[in-house]
There are 2 protein chains.
Amino acid sequence: MITTTFKALNDDTRRSIMELLKQGEKSAGDIAGEFNISKPSISHHLDLLKQANLIKAKKKGQYIYYSLHTRSLEEVFRWFVQFKPDERVHLRKPKIRLVAS
Amino acid sequence: MITTTFKALNDDTRRSIMELLKQGEKSAGDIAGEFNISKPSISHHLDLLKQANLIKAKKKGQYIYYSLHTRSLEEVFRWFVQFKPDERVHLRKPKIRLVAS
DNA sequence: TATCTAATTCGATATTTGTTGAACTAATTA
DNA sequence: TAATTAGTTCAACAAATATCGAATTAGATA
């Protein structure tokens, strides 16, 4: 649901979490350590991002590692494209591309 | 501010208004007529979209016409691109393009 | 001028959202 | 087994948000 995705992205902390995860997977505690916010609050943010399929969780022992899962970003991407009809946008990497400009 | 843009986009009615305006400029009353929501509420939504530079207003007599103003969509677009590094995305239409796939 | 229409602003309200400390679950370690 | 650690869930609360009817502003028209 695109509503869920937009809701998840409508928060500074959550967008920062996503940018943080560009570095690779991180445990919930590591993520919480980067913000001046309580762990329950971070846990809640992670839950909303997970609900929106923007991140995924993998449990390892007593740790839970979170990483980017940008599948649903494509959906939002597509939503934006409708407003920019004169621009060519590739959502998928083409097999062969020859571009001259 | 990207925060303002994400906030503006985080609402079904406002996203619908944007899609409606793809047809061209419409007066506030015309827009309100498309939704089962009071005019004050629509007026508020239009204000938030305007604050985010997603639409612009032009007064003509006693009417106010709203139309798309997708400049700030580019900013959000760019925000998304950072999460899709292996895909080529053109925000601007290139002068010449030869593509084979 | 008085009236009508288009749209916004105001004031109030119900709902949603972000936040916290405390309690809880599950895995590790002494 | 008892204690520790990582993380979530719970309950409560403050702030933000969407909504509405009423009041207000501004332009058009009789």
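Sequence lines set the chain letters: A, B, ... in the order given, protein chains first and strands last, and positions in each chain run from 1. Below, all heavy atoms of this structure are taken into account, side chains as well, without hydrogens, waters or symmetry copies.
- In this structure, B:His44 places its NE2 atom 10 Å from P of C:dT9, rounding to the nearest Å.
- Within the nucleic acid shown, B:Ile42 has no heavy atom closer than 4.0 Å to any nucleic acid atom.
- When all heavy atoms of B:Leu21 and B:Tyr66 are compared, the closest pair comes out as CD2-O, 3.5 Å.
- At a threshold of 4.5 Å between non-hydrogen side-chain atoms, the residues B:Thr5 and B:Trp79 do not count as touching.
- The strand DNA chain C forms stems, runs of 3 or more Watson-Crick or G-U wobble pairs with distances below 3.5 Å, at C:1-30 with D:1-30.
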Which pairs would a plain distance check flag for residues 33-48 of chain B, meaning a side-chain donor or acceptor within less than 3.5 Å of a matching protein atom at least two apart in sequence or in another chain?
residue: B:Ser38; atom: OG; partner: B:Ser41; partner atom: N; Å: 3.4
residue: B:His45; atom: ND1; partner: B:Arg14; partner atom: NH1; Å: 2.9
residue: B:Asp47; atom: OD2; partner: B:Gln51; partner atom: NE2; Å: 3.1

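- Residues from residues 19-32 of chain B that place a heavy atom under 4.0 Å from any atom of DNA chain C, listed by number: B:Ser27, B:Ala28, B:Gly29.
- Counting only residues at least two apart or on different chains, the salt bridge (charged side-chain N to carboxylate O under 4.0 Å, His left out) pairs with a member in residues 56-65 of chain A are A:Glu25-A:Lys58.
- Aromatic ring orientation, A:Phe6 versus A:Phe80: perpendicular (interplanar angle above 60°, classes split at 30° and 60°).
- Within the 4.5 Å cutoff, the side chain of B:Leu20 has no heavy atoms near those of the B:Asp30 side chain.
- Through chains of ILVMFWY side-chain contacts below 4.5 Å, B:Tyr65 is grouped with B:Tyr63.
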Are any protein N/O atoms closer than 3.5 Å to N/O atoms in nucleotides 12-14 of chain D? If there are, list each pair with its distance.
none

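- You'll find a donor-acceptor pair under 3.5 Å spanning the side chain of A:Gln62 and the base of D:dT5, going by distance alone.
- Residue A:Tyr66 places at least one side-chain N or O closer than 4.0 Å to OP1 or OP2 of D:dT8.
- If you check every strand for non-hydrogen atoms under 4.0 Å, B:Asp47 touches nothing.
- Within 4.0 Å of B:Lys7, counting heavy atoms only, lie sugar-phosphate atoms of the nucleic acid but no base atom.
- Among all heavy-atom pairs drawn from B:Met1 and B:Glu75, the shortest one is C-OE2, 4.1 Å.
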